[in-house]
Amino acid sequence: QVQLVEAGGGLVQAGGSLRLSCAASGRTFSSAVMAWFRQAPGKEREFVSAISRSGGGTYTADSVKGRFTISRDNAKNTAYLQMNSLKPEDTGVYYCAAGRRVLLSPNPNAYDDWGQGTQVTVSS
């Protein structure tokens, strides 16, 4: 099991940027696919982006493609989500997830471990 702790959320104006981080405990970080999801009030959890175990492959939702970039540092057991050109519709709680048996899947049920989430609010 991997314990995940997100950080970096906050309030930002439209057009601004934030960088989220997801720190993982345990020695299995490099063997897990990492992903970011988000959930707006009253909506289902939505896939944002995923990154392969080595960091060489990524898969990003069309809604954020070109604005958000996922990355990871296996030496630091940390995954990141760089968010640029933020829009009010990007508002929500952002969760990181780790999957040991998954490829780059947008299905939240494919992931084994989840963080507690960090709030991102984009004002217009």
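Just so you know, these numbers come straight off a predicted model, no measurement behind them.
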Give a yes or no answer on whether the side chain of Ser105 reaches the backbone of Val102 with a donor-acceptor pair at less than 3.5 Å.
no

So do Ile70 and Tyr80 actually touch side chain to side chain, heavy atoms under 4.5 Å?
no

So Leu4 and Gln116, side-chain contact (heavy atoms from CB on, under 4.5 Å) or not? Walk me through it.
CA-CA 8 Å; Leu4 305 172; Gln116 82 290 348; over 6 Å; no

Salt bridge (charged side-chain N to carboxylate O under 4.0 Å, His left out) against Arg72, all qualifying residues, sequence neighbours excluded:
none

To the nearest 0.5 Å, atom CG of Leu18 lies from atom CZ of Phe68 at 9.0 Å

Holding to salt bridge (charged side-chain N to carboxylate O under 4.0 Å, His left out), I want the full list of residues that pass it with Lys87, two or more places apart in sequence or in another chain.
none

Pair listing, side-chain hydrogen bond (donor to acceptor under 3.5 Å, both in side chains) test, anchored in residues 11-23, at least two apart
Ser17-Asn84

Sequence neighbours excluded, the answer for side chain to side chain donor-acceptor pair (under 3.5 Å) partners of Thr60 is Ser49

Would you say the side chain of Val64 lies within less than 4.5 Å of the side chain of Arg38, judging by non-hydrogen atoms?
yes

Those residues at least two apart in sequence (or on a different chain) that pass ring pair (Phe, Tyr, Trp, His ring centres under 6.0 Å) with Phe47 are Phe37, Tyr59

Taking only residues two or more places apart in sequence or in another chain, which ones pass side-chain contact (heavy atoms from CB on, under 4.5 Å) with Leu11?
Thr121, Ser123

Kindly indicate whether the side chain of Met83, heavy atoms from C-beta on, has any atom under 4.5 Å from the side chain of Tyr94.
yes

Counting only heavy atoms not in Lys76, do more than 12 fall under 6.0 Å of its NZ?
no

side-chain contact (heavy atoms from CB on, under 4.5 Å) involving Val122 - partner list, sequence neighbours excluded
Val12, Ala14, Leu86, Pro88, Asp90, Thr91, Val120

So for atom CD, which belongs to Gln3, do other residues, nucleotides or ligands contribute more than 12 heavy atoms lying within a distance under 6.0 Å?
no

Would the distance check show the side chain of Asn77 and the main-chain N or O of Ser25 forming a donor-acceptor pair, the cut-off being under 3.5 Å?
no

Here the pair of heavy atoms bringing Ala98 nearest to Met34 is CB-SD, 3.6 Å

Can you list every disulfide bond (SG atoms under 2.5 Å apart) pair that touches residues 12-108, not counting sequence neighbours?
Cys22-Cys96

Smallest separation among heavy atoms of Trp114 and Pro108, with atom names:
CZ2-O, 3.4 Å

Give the other cluster members for Val5, using side-chain heavy-atom distances under 4.5 Å between Ile, Leu, Val, Met, Phe, Trp and Tyr residues; answer none if it is isolated.
none

Would you check if Asn74 and Arg53 make a side-chain contact, meaning some heavy-atom pair closer than 4.5 Å?
no

Contacts of Ser52 that satisfy side-chain contact (heavy atoms from CB on, under 4.5 Å) - sequence neighbours left out:
Ser54, Leu104

Donor-acceptor contact below 3.5 Å, side chain Asp73 vs main chain Thr78
no

Test side-chain contact (heavy atoms from CB on, under 4.5 Å) on Val93 and Thr118 and set out the steps.
CA-CA 5 Å; Val93 178; Thr118 185; over 6 Å; no

Evaluation steps, side-chain contact (heavy atoms from CB on, under 4.5 Å), between Arg100 and Val2
CA-CA 10 Å; Arg100 291 181 288 281; Val2 177; 4.2 Å; yes

Residues Leu20, Trp36; criterion side-chain contact (heavy atoms from CB on, under 4.5 Å); working and verdict:
CA-CA 10 Å; Leu20 305 182; Trp36 288 94; 3.7 Å; yes

Contacts of Gln39 that satisfy side-chain contact (heavy atoms from CB on, under 4.5 Å) - sequence neighbours left out:
Arg45, Tyr95

With sequence neighbours left out, what residues match Glu89 under side chain to side chain donor-acceptor pair (under 3.5 Å)?
none

